[in-house]
Structures are given as C-alpha cells and as structure tokens.
> 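Quick one: structure below, then a few questions.
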Amino acid sequence: MWWVRALLWLALLIVLLALPLYLEAQWLRAGEYMMVGAVGAIGLTLLTGQAGQLSLAHAFFLLAGGTAYTVLAGGQEGERNLVGFNLPPLLALLGAVAITALLGIAFAPVAGRLRGIYLGVASLALVFLGLYFGQAAEGLTGGTSTGRAPEPFSLFGFEFSNEGDLEILGVPFRQSERVWYLFLGLLLIAFLLALGAVRSRVGRSWRAVRDNEAAAAVMGVSVARAKAGAFAVSSAYAGLAGVMTVLWFDILKPDESEFGTYGINVSIAFLAMVIIGGLGSVPGALVGAVVVNGLPQVLALYSTKLGWFTGTGEGAFTPVLISSFVYGAAIILVVLFEPGGLAAIGRRIAGRLSNPARGRE
Amino acid sequence: MTPAELRVENVTLRFGGLRALDSVSFDVQPGSLHALIGPNGAGKSSCFNVICGLYRASEGRVFFGDVELTRQRPNRLARLGIGRSFQNAALSSHSTVLDNVMLGRFALTRGGFLECGLRLPWITRTERRHAERAAEICEFLGIGDVLHTPVGALPYGAVKRVDIARALAVEPALLLLDEPAAGMNAAETAELAHTIHEIRAELGISILLVEHDMGLVMGIADRVSVLDFGRLIADGTPAEVQADPEVVRAYLGTDHKENA
Amino acid sequence: GTKGGGGDEGGEGAGGVRTGVGVTDSTITLGVMTDQTGPFKNLSTGITHGNELWVEDVNAQGGVCDREIKLEIVDHGYKADTAKTLYPQLEPKVLGMVQLVGSPVTAALNSDLEGDEMTTTPASWSSELLDNPYLMIVGTTYDVEMIDGLSYLQEQGMIADGDTVGHIYIDGEYGFNGLRGARYYAKQHNLKLREVKITSSDNDLTNVVTGLRGQGVKAILLTTTPTQTGSVAAANKALGLNVPILGNNPTFDPLLHNSPAAGALDNLYVVASSVPFSADIPKMQEVARKYEEAGFTEPPNAGVPYGYAVAEVWGTVLRKACDNGDLTRSGVHEALQQTTSAETGDLVAPLDFSKPGAPATRQVYVAQPDKSVPGGMKYVKELFVSEDAKTYQAPHEG
Amino acid sequence: MLTVRNLHVRYGRSVAALHGIDLDVPDDGVLAVLGSNGAGKSTLLRTISGTLRLHRGTVSGGEVRYGERRIDRLDPAAIVGLGVVGVPEGRQIFARMSVDENLRAGGIGARSAEDRARARERVHELFPVLAERARQRAGLLSGGEQQMLAIGRALMAGPKLLLLDEPSLGLAPKIVERIAGIIREIHQQGTAVVLVEQNAVMALQVADQAVVLETGTVALAGSAAELSASEEVQRLYLGGHAESDTAAEEEAALARRQRVGARGLSRWTG
Amino acid sequence: METFVQLVVNGFGKGAVFALLALGFVVIFKATEVVNFAHGSLVLFGGYLVVATRETLGWAGAAVLGVVSAGVLALLVERLLLSRSRLADPFSLALLTIGVDVIITEEIVRRLGVSLPFIGDAWDAQPVQVGGVTLFRTHLVAMVVATVLITAFFIAFRYSNWGVAMRAQAENKEAAALVGIRSSRVTATAWLVAGLLAGVAVLFIATQDFSGAGLSRGTHSIALAAFPAAILGGLDSTAGAIVGGLTVGLVDALSTHYVSFAFAKSAVFLVMLVVLVVRPSGLFGTRESTRV
Ligand SMILES: Nc1ncnc2c1ncn2[C@@H]1O[C@H](COP(=O)(O)OP(=O)(O)OP(=O)(O)O)[C@@H](O)[C@H]1O
Ligand SMILES: Nc1ncnc2c1ncn2[C@@H]1O[C@H](COP(=O)(O)OP(=O)(O)OP(=O)(O)O)[C@@H](O)[C@H]1O
Ligand SMILES: [Mg+2]
Ligand SMILES: [Mg+2]
C-alpha cells in the first residue's frame, strides 16, 4: 500500500503549495520559521539519531551559515570595514552550505574521539566560540551593535523580496509569499536527500558506526570517515538553515549573550525537535520542528487574535510564557508516553495501513 | 575469488603485563576449514581481532596471500575478501535483519551522500540487486522469513545466524566465525555444521572457526590449532589434536569423550 | 476565495482628515511591542504603565483629533523570532508604535518598519538607530549621555585630563553606543580609556573590577544592566577601590536599594535625559500620583515617566498631523519631522526631531541613588549640555 | 518449592511467548529446561526472577509461587531477597566495573558481611581467574571469563534457588564440566537450581527433573533419566554430538531444507 | 602581582560553588547515566522557597526549608516522571529533564516578577581583608561546605555499597535487579541528594559575592555554567567535580583579566575541549572501552 502513503505526501505538498493564497502574512512567517527549523532538525537527526553523535553545536553552524551567506552575497562596505564578495545569491547559498560542511569536517577529529554527553558538551564549546567570533569579527558579521543586512535571495533575476509587482489569483505576492516557496523548495530538497541517504548504504554505515564501531569497521566502513561525513552533512544542513534564518529575519545579528538566535537555547531546541519527532526519523524531524518552532509562534498569534492572556504587569501569563509551558510539557509527554517520538506513532499508523513494515531505521 | 592462504607469523599481543597472544604462528590453507580452539581466555578472539586489524599486534605479522594484514586498517578487510562473525553478534538491534545484512555489502557498493540522496538510477539499481543477494543469503541460513523483523526481537539462535549472514554478505574468500554454535541445541548445531560445510563446498572459500562445541569442530574441521594462555600448544588434524595429552589437560578435560 | 482582493488604501475620514492603517473615525490605534516575560520585563513594564497612564489622561480630555487613543499591546518575551511573526499581525492594525523593546527585536524589524513607514519609538537610545528615519528616539542618546556625564565628573574634580578611566560596556547596540561617547570624550581630554566588553548575561564583575584596580583607574564608566551596576559598586567598595562610577540611564534600577550592594551605591552617578521617578517637578508628581491610584503592583521605576513622556510626544506629533489633515503613516512621519519642540512637562528635555540622524536633545540630568525617595534617585544636577556634547557628531548625523 | 501454574506471558501486545506452563521445583531439586531457540526458556526464567517487565513483557495469566509467597507480582529485588537469584542470558556483567566490583555488587543482596566474605572465597576457589583479574575492567574479559563472572556474581548473594540461563554458553568443555560439578555441589549444599541449557548432555547429567519447552508450552516432562531415554530428546538434543554421527546431521539438513525450502547458496557473480 | 593573587583567590572561591553544582550532576549521572538538565531549576526552586518563607521563618529556617524542598522536588521529579519511563534510554530521559526544567524555571521566574532577591544574608557582601587581599565571605563559607560535603560523598562512594549499587544499576538495570539492587531506591536517593545539593548551592549563588545578582533567570544559567566543570572532571567522578569546579573558576577569573571578559566563557570551554581531546572521559571519568 505504498501508494496510499505516496498520495498522502502528495496531498500534503499540494496543500503547502496552495497555502500562500489563503494565509495572512503573519501565518506564512510562522510557517516559514517552521521550515527553517525543519531543515536544521533533519540535519541533526541524521547526526544524532542515525550516526549516534550527540551534538549541541547546531546553533554555531546556523550562525556560520548565515554569516557565510551574508558575506558571500553582500557588498564591500568601506566605511564599516565590512567584507563582501558580491556573489550571486544562489552561489552564496551554495558557498555557505559548503563552508559549514567544511567547518563540520574540521571539528570531526575532535568529535571522533568523544562519545555521548561528553561530545554534546564539547560541541557546546563551538556555540561559545561562535558567540565570541560573532562579536569579534565585526567585518564579517557587522557586530552585535548593528548587525548586517543580508542580500535578499534571488534566482535568475527573480527577487524574493517586496521588489516588483507580482500578483497571482488576485493575491499580491510579496516577500512573505515568495519566501514561502523558496523555503518550501529548499526543505523539499533537504528532505528528499536525507530520506534517500538514510535508506541507502550511507545511512547504513552511520547506523553501524552508532551501534558498534568495531563491527562496522570489519564490514568495510571507515569509522572516522563515516563520522566525519555525518558531521559534515549535518553541519551543511544547519548551515542552510542558517542562511534561511538570516533571510527570514532580514538581518544577520550576532547574539549579545549565549541565549539568543544562535545560542544554546537554539541548540537545545533542535535537540528537542529531533527527540519529539523520534530520534533518527527524517519525517519525525519535520513534526518536531512544527511543534518546537511553530508552537510559540502560533500560540502568540492566536492569543493576540482571540484576546487570550491579556494580562500585563508582573506575574502575568503571557503567550510567550504559556508557549514555554506547552513546549516543556510536550517534551515530557513524548518521552513519557512515546519514547520513540512522534515518528513511532506515525509508524504504527502506517503499519496498520500497510502490513510488513519497510526496513528502515 | 580464489581464496589465498592466511599466514599468522609469530604474533604477540600484549595488554599491559598480560600476553594475550604469545608468538603464535599457523596457516590456513586455501579452501580449508581450519578450527582454532582453546580454553576461555586463551586468545582466540584476540587472534581474530589481530587478523581484522582491530588489535595491533605487538610483534609479528599476518599475511593474506601477498597482503600484509597487520598493516591494513580494519575497514580494508572486507575489500580484501575477509568476512567475520562476532562472538557477541555485534548487530544493530533496532535495525531489521535485512538492513543488518546489507551492511555486509558496504564494501561492494559505491556512492556518497549526494548520489544516494538523489537516488540516482544506478544507485537504486545496484541497491536492489544487492538486496536480492542479501535476501538469498538469509534464505540460505534459514532466516528468510524474518527479513523485516528488528534483530532485537529475535531469539538468540536466529541472532547468531544474522551475524553469519552479514559476514557472508561480504562475499568473502576467507570467513572467520567466532563461536557460531554458541546457544544452539544439538539439532541446530548439526544443522549449522551442515550449513558451514555447504558454504565451503559451494563457494569454495576458506573458513577459520573458533568453537567450543567439540562435536562440531572435530566433525567438520580439516585442521585444528589449539591455543592456551596465548601460546599455540598443538596444531594438526582433529584426530591428532584430540589425542594430544597437553590439549586434553588444558582444554578438553578428562571425560570429554562423553561430554563433547 | 483567496485572501486577495481590495486592501483599504485609506481615504478621507471624519473631520476632513486623511486616514490610513490604524485610524478609524473614532479611534487611533498605536502599537506596543514589549517584553513582559524576558530579561527586560522590569523596565518594559514600567514603560507600558507610563504609556497606559497617558492614554487614560488623553482620552479623558477627549482624545486626539476627536478620536480615542487605543493601545494594542503584544509581548514578544525579548525573542526576535516571536516578534518577527507578531509584527505582520500587528502592523495592519496600528498607525505607529509607541514602544518597541529589545535591540535584537529592533534590528530584526528595522527593514519592515522602514518598508511600512511605521513611525516607532524604540526603548533604546542608541544613535546608531538614527539611520532609520522612522525611529523616534525620545531623549538623548547613550553616547551623548556619556559625554555629558564625563564632563560632570571633571567639573566636580573627580577626574582630570590624562587620567585613566575604565569603561565596562555590554557588547551590543546599547553598550557600544555608550562607548562611542566615552571614546570621544577621552580623545578630547586625553584620558586613558580601559575598555572592558562584557555580555548582558554575566552579572559578577568582581574580576573585572579587580583588573581595573590593577590598572589604577580614577573612575569607572558603565553602560550595563542595573544588576551589573550593583556588582561593580559592591566590588568597588569591597576591593577598596572606591572611585566614582558613572552610569547612563538604564544602569540604575531602584531595586538596587534592596540588594547587598545598597551600601556601596554612594559613588554612583547616573546621567539621563528623562527624569527619575522621584523628580521634584510638578508633572512627575502628577504621574506618580496617578501611578499610585492606578494600583499597579510593581514598584515604579524610571520607565514610568519615560513611558508617559514618549506618549506625550506622540500626542504632540499626532495633533500636528491632525492639523496638517493627514493621519496616515506618512502624515505622521512628516509631522514628526516638523516637531521642533516637543514638550513633556520636563519629564524629558525639550525635543527637536527636525534634524534626521541627530539626537533630539543633548541635555541631561545627573542623579544619585537615594533610598529615601520614591523611584530611588535624586537629582544632583539639573538639565545641562556640556561643551563637548555640543560639538559631538552622532554616527548618522548630517 | 517453586511452583508455576498455567503461566501465560506476552511481550508487547502481539507476541505470546508462553501459554500455560506448569512446573514444580522442589527445594532440593535441579530442573533442566530444554528447548530450541525461541521456545520461551529465557522468558520462563525472566518471569520467575521478576525481570520480565524490563523486557516489556507481562504475565497475562497463571501464577508463580515460591514457598507460600506468590512472586509474579514482586519486584526483582524482593525476589532476590527471598533467595531466588538469576544469571541472565548473555552474561550481562557490569562491563565498566572491575571484576571485583561486579562481585561486590553481587554481594549486596547477601545477609551479612561474613556470608559475603565466605561467598567471595568460594567464588575465587571455583574460578581462580576472577581472583587474578580482580582489578580488570570486566568488559575486557574474554567471553568465557565473563560467563564465569556472571555465575560468580550470582553465587555472591547466597541463593536458595539459582536460575541459570545457558551457563555453558561459550565455555570450554573443561569449564562446562566444572560448571556441571559446581551445580551438583551447590545442589548438595541445599540450593535448588533451574537450569536452562542447550548443552542437553550436561544438563541431563546434573538434573533430576527435566522439561522440554516447545513454542511456549511444555512438550515433555519427567525425570532426567526418562527424558534422556526418550527418542525425541535423543534426536533433537543429544543426537548430533557423536563425532561420527553424520546420519543425524544429514537428517537435520534435510529437515532444514524442508522447513525453509532453501536452495543452496551459489557464488555471487557481481 | 596583587591583581593576580586576588584573581586566583576569586577564582577558587567561585570554583567551590561550581564544584557543588558539578557534584549534583555527578550524583545523578553516576546512578542513572542521565544528565540532569533540570539542575538549574532545582537551584531556582530552592532559592525561591527561601525567599518566600524567610519573612515568617527567619533566614536560617527558610534556608533549611529551601534545601529540603529542593531535595523533595528532585525526588518528585524522579518518582513521578523519570521512574515511569524506565524503558526510555538515558538520552531521552535527559531530554525529559529539559522539559521539566523549562516549566519549573518559567514558573518561578514568573513568580519572582520584577524582584531580584538576594539570599546569602548570613555572609553576603561582608568581605574580610587579609593583607592586601579581599576574601569574600561567601566564597569562604562555600569552600568549607563544599569540602565537607564532597569528602562525605567520597567516603560514601568508596566505603559503602551505595556507590557500587549506583554504578551497577546505571549500567545494566536487569543485571542489577538480578543481584537484588533496588534500582528505584538507588535512583530516588541520587535525585534526592542532587536536589539537596542544588538547594545548598543556591545559598551561595544568589549572592552579590558570587553571581552579582539575586535570584533570577541568571541563577539558572549559572547552574548550566557548571556543566563544563562536571564534564572536565569526569561526569562520574567525585574528585572530578572538585577539580573541574576549581578549574572552571580559575580559568574564568584569569582569562577575564588577561584575555578578555567576552572570551572568558569560551576559554572555559576551550580548556574543557583540550582536556577532552586528551582524555575523552574527563580527567577522572571512567573510560569507555568495549571489545568484540
Ligand atoms: N582489550 C583488552 N584489554 C585487556 N585485556 C584483554 C583485551 N582483550 C582481551 N583481553 C584479555 O586477553 C585474554 C584473551 O581474550 P580472548 O577474548 O582472546 O579469549 P578467547 O580465547 O576468545 O576466550 P573465549 O573462548 O572465552 O571467548 C583474556 O584474558 C582477556 O581478558
Ligand atoms: N523482548 C522481546 N520482545 C518481543 N518478543 C520477544 C522478546 N524476547 C523474546 N521474545 C520472543 O518470545 C519468544 C520466546 O523467547 P525466549 O527468549 O524466551 O526464547 P528461548 O527459549 O530463551 O530461546 P534461545 O534458546 O534462543 O535463548 C520468541 O519468539 C522471541 O522472539
Ligand atoms: Mg572469544
Ligand atoms: Mg534464551
């Protein structure tokens, strides 16, 4: 019954394609933010779920990717000593992905020596280094004081911004609508690539290394290379998510403290997405991203719309606070009742649809 | 692949003060079924680990044909045509049987993240072909009906067979089996003996076997090497070895006739 | 059908005034994007209450342009991502924003604000922001505060040309802008400036002060959070350094009087262009009385008069726009640039918004902590401008 | 006296591993449990020792009693407290702890420090290698040494009923003999034993009673001698061991072919 | 020189508190292999109760109450949540603690409102001068308390079965159950103890001398800053907690002055990274080693 599943995916895709015609800009923004999360989460689920390497460095690669894009696509600004290469945005995006992949490989020798939580905390070091360089390397990032505006993305002359008039079915296509399609495209590519890799020898080598390095080696897998490969792929995903982040914010602004757009909280949020979705599951990562990145946004939008939690003043239950509670509770509930993550539920449903579970995991 | 000769030459392996292997030498003739036996802790698995490059020999060398194995990285082994099963199975328990066995095909296939991710036509084609072969191997070992079951849910005996299937999936010229019959009853052991026979007969490969089930060893081995405390104490045909008083003392024990 | 189809492009409203987004015949809606959950909730809450008090007052007097003023308040919890999605929801409802808290938030929304011609008052006084003509900074900027403050110290004989002084600043828009002022003054007066960059989340500055003591500083300048100010003051005393400490407006919070650092605040001088809650001026006393009557539970801070003053300025601008017959966003922007003297009853120095890129005022007060007065600070010097501040050129000026 | 009545056990929702097992092990008895892979032998021991829950298994019917106490609802530690101690399948030593610490952990359930010291002495006597390697990381021991450690660890608690799940797994013939001796000895000192074994020769030698499990039910039961003589046990569990007995082997191979309908394996031609 | 001495003194003083925090991580990790991300919220909770009750109970009474309640809360978290998901791996459980952490922290920060209460009344901001060096009383008391507690733990781990039982059941629940270890009791005790330690730690953290700030979200972040301390020493080592804590304190103090404040945090992590590259399980941690 594979075609049932294929039809469901297709239906989802069509809905996603049609949404910009119906949703207001703020909802599109929220959706785009979920897509940013999804791309990053797919990367992390490959690294942590498939290859068994716990990483809290995701936020660092996000910053690296965002910075790389901004620098590659941006212009030289003498007055502020900003470095820029004026590359076409597509090239800059690919460059950013490549650069973050290389950074991932550079960290791989360290990562290769460490295991479990030791690797997790060690990778946290990158986030702090990122914080430091974001502040120190003002020529690249623009510094924490003002940040730096990224070149809007454009493809063959078509700008993903408010430039030019475009109207489809009576709906003016402005930045929010255009960026939606850009992100959807990027997510689709990221998703399919990951799915393909997981089901092939590459994914198999990652899982082998995760479960038993010696056995993996004897079967012909170079453990160091497989680990480095997973790190590179995962950082490339994070780098792409970083590019999307700066495009979404319309600004690259390094954080002022370790809690921010590229801080530990973000690394932890990615981890939460991956676990909520089910470690190692690529579709699960999508669901995780919707929950973690989407929930606060949607809750905030809804509550102001419906006039919930309008308390001001001290000790009020604001939407931001409520969404933190829901986020926390979601994590607890998933681990309590479905340690395999939401993907396990999905798999059970799918299992009922089509009998023999396909060899995956 | 015509099997080459495996030569273990004066291999010594030290762990701190402990000599797990003490200047051990023996040859595995092409196409033969060679058993390596000895008491617990004698160094049999360690010897396998040296051959596979998982342990670095402190002294001595191991050759497979012209290739010096002791200078190879472990992941080269599969490409040289050496497959191995493990004493503790060492499988991915969450993954399915087929997925575990397909790992054995790793060295026989190509393609990195992008090629596999894009599912280029040639990737899918080879993937399918290799999956068919993996299924065939599983079928041969009697685990064809659990291809899509996670290994963790299988009983011990089936798990051991998955491990052997994975080793066979490498398409080895030399197969190293570490206690394949452990945890099997007499009938299952006999079945396994037959399977091993068949593997050698039909594939024409060499097999090096570590096993404590003397019925199995003496029944099918062409030649037997005996280790004790890391030293080689006997090397010969099953009959010779069984008669060796040193081997009886160190390994078989007095009433082995009935017991074995 | 799709969401497309006829946006209201504005038009002629009641009283012959052109209107647009956020304005109906009976109401004018202004936005507040604030932090009620995150690290800046103290100050933000004060500002919001100040805004609310003014709205009550003005509506009691019949509103502006025959319309009632309404506030649309949303909390972003100091999270730029939340703010970024909330903004498009808020944007179609409001004429402008009387409050926008958080420098990462302001940065993330900067281009949207410019694109939507949304006149906005950020709760930030960095002159770096002035390159966006739609940002209305009520009060002087951090750099100017520092220059005025340093000249006060020198005038009082606490520092002299050629001295070494330390400046502890938070990395980011706020700290860096203060540092800009300190650097300028140091250059004019040959001071040796020891710069220490810190992050907003690290509060224990004992080691920093230990270091400054080793370098023999004669004064410590701060562009920090109130908590960090407390740490510096405490360490200044504990380590026996005992030099004057100069901080600008956001460095002080009356809560410091309840902290262990309370006994070490006597060396602290605060420069600001808006008055402390305790200020002895009629308008402030009126606001303070109203604050009490409104029954807010939070202890008041300098955010309250500031929030009130900002709203007052908005009142001035809106009335001008009304007089011009144009209550659209561009009308408001135009009115803002025509505002050469916004009066706030001395809650804030008189303001002049007609020179884009330049601070609206360069006058400051100097105050010192005093536990006995409400608001926790008392004046030591009335509004003044130093010579150096007059000649200083802000980054986007001219 | 251990009594098992009409025991049903499931794993998760779908796998029924035991359906209706009945067993008795007297306080001075040794019961051998035979059966092929997946018959439910380990499941039986897990149920008695209370560790079933750790495998997501549940008792869906019947009961297990030790003496007067019903123990199928007790937690494992309480069961150990009653003197029922198990050696799990596949060793499960504490790999990261030293050999000595493993034994110490085994002694936690012991009554007194004296008992503990005596037990340790005895374990060292039985398995000298454990004394030699006292400080070594247990995970680095050879497979057989780990098995010895697992048995030694259980003995540290001074059991009254010992549950052994394939103790001879991976042990050299000489050691298997020794284990058989140990079981006899333990038994003589008044400890009852439930012995799950693939090595039927050894198991039937030391046991006085025996059962054969097949797919979750008791297929055969009786005294060890009776079972040794039964044809089916001969064929399936004792048969293939004689070196020359290729007939049994052939038969088994034939059975396999019929079972899986497999062809042989041909060479891979790429 | 004077500056250097003062910095070292400051560093060790803070290090003592980091060691206490690190010990909290170590106890739970030893017993369950779970990294407790909720430690920061336990710290906050203990502190909050001190603040909430000191008007009525007096400082000492409130302090005792705070410490005990933090312990009880930890115990509840273990009993009500973690023990119910026994089949989840340590990894997922660590994530579960993140969920717990978010909820407790947000609620307490909400309750604190705009106040930033300090709670080291008995010793805070009363420095002692010795020669040219300022000794902060908070640091001194913390050092004494940390030394006493950590020594006690060291002895308990070494000479009682508690330590063995902990590690055994952390490594293999089934095998531990089979030797009669009540793993639920061991884990519950570990959590209780970790909670108590968190409660003690906050008495030093929410002070002018240590963190420069009262009870607030920042208090919570500081508990996170003890992470590198625990890792650097080795997550399952008591001695590691001390060495890790002191190292973090010292590196932080020295790099603040000699490199830059902004770099200090990175410096702590860099030192940790270097240690890990050389010793992948921290200075005193048990090495992972497996064989086939
Ligand atoms: N990585 C290691 N570190 C330390 N000692 C080791 C290591 N690997 C093996 N040993 C020791 O070397 C000796 C030989 O072990 P090995 O596993 O080779 O024995 P074996 O012959 O396979 O025994 P068995 O039949 O019980 O599996 C044992 O005493 C073991 O403790
Ligand atoms: N954790 C588990 N989850 C699901 N099914 C299980 C689990 N453990 C065992 N089973 C199933 O229960 C049945 C009985 O298994 P059990 O392990 O008791 O067999 P056994 O007789 O001990 O076999 P072996 O000789 O291979 O050890 C088998 O079909 C097995 O697949
Ligand atoms: Mg072995
Ligand atoms: Mg079993």
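Order of the sequence lines fixes the chain letters, A, B, ..., with proteins taken first and strands second; residue numbering starts at 1 for each chain.
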> Counting only heavy atoms not in D:Arg69 (residues, nucleotides, ligands), do more than 12 fall under 6.0 Å from its CZ?
no

> Would one find more than 12 heavy atoms of other residues, nucleotides or ligands at under 6.0 Å from atom CZ of D:Arg5?
yes

> Given a strict heavy-atom distance threshold of 4.5 Å, which part of D:Ile93 is in contact with chain E: side chain, backbone, both, or neither?
backbone

> Would a distance-only check, ignoring hydrogens and angles, find a side-chain to backbone donor-acceptor pair under 3.5 Å from D:Gln92 to E:Asn172?
no

> For a side chain to side chain contact (heavy atoms under 4.5 Å, CB included) check, start with the C-alpha distance between E:Val179 and D:Met156, then their side-chain angles and the critical distance, and finish with the verdict.
CA-CA 9 Å; E:Val179 296; D:Met156 286 295 294; over 6 Å; no

> Does any part of the side chain of E:Leu178, heavy atoms only, come nearer than 4.5 Å to the side chain of D:Arg46, both counted from C-beta?
no

> Could you list the residues that satisfy side-chain contact (heavy atoms from CB on, under 4.5 Å) with D:Ala203, not counting sequence neighbours?
D:Ala32, D:Leu34, D:Leu195, D:Glu197

> Tell me, side chain or backbone of E:Ala176 under 4.5 Å from chain D's heavy atoms, or both, or neither?
both

> Within residues 125-132 of chain D, which residues come under 4.5 Å of chain E, heavy atom to heavy atom?
none

> For E:Glu174 and D:Pro88, indicate whether the former's side chain and the latter's backbone hold a donor-acceptor pair under 3.5 Å.
no

> Using non-hydrogen atoms only, which part of D:Ala157 is less than 4.5 Å away from chain E: side chain, backbone, both, or neither?
neither

> With a sphere of 6.0 Å drawn around CD of D:Glu114, does it hold more than 12 non-hydrogen atoms of other residues, nucleotides or ligands?
no

> Find the one option among D:Pro159, D:Ala150, D:Ala105 whose heavy-atom pairs under 4.5 Å with chain E are most numerous.
D:Ala105

> Please give me the minimum heavy-atom distance between D:Thr51 and E:Ala177, naming the atom from each residue.
CG2-CB, 4.2 Å

> Under 4.5 Å from any heavy atom of chain E, what part of D:Leu141 do you find: side chain, backbone, both or neither?
backbone

> Apply side chain to side chain contact (heavy atoms under 4.5 Å, CB included) to residues D:Val80 and E:Arg182 and explain how you reach the verdict.
CA-CA 10 Å; D:Val80 172; E:Arg182 284 177 201 279; over 6 Å; no

> Got a second to check how far E:Glu171's CD is from D:Glu101's CD, nearest 0.5 Å?
10.0 Å

> Quick one: pull up OG in E:Ser183 and CG in D:Leu54 and give me the separation to the nearest 0.5 Å.
7.5 Å

> Select, from E:Ala168, E:Ala165, E:Gly180, the one with the greatest count of heavy-atom pairs under 4.5 Å involving chain D.
E:Ala168

> Return the minimal non-hydrogen interatomic distance between D:Arg96 and E:Glu33, and the atom names on each side.
NH1-OE2, 2.8 Å

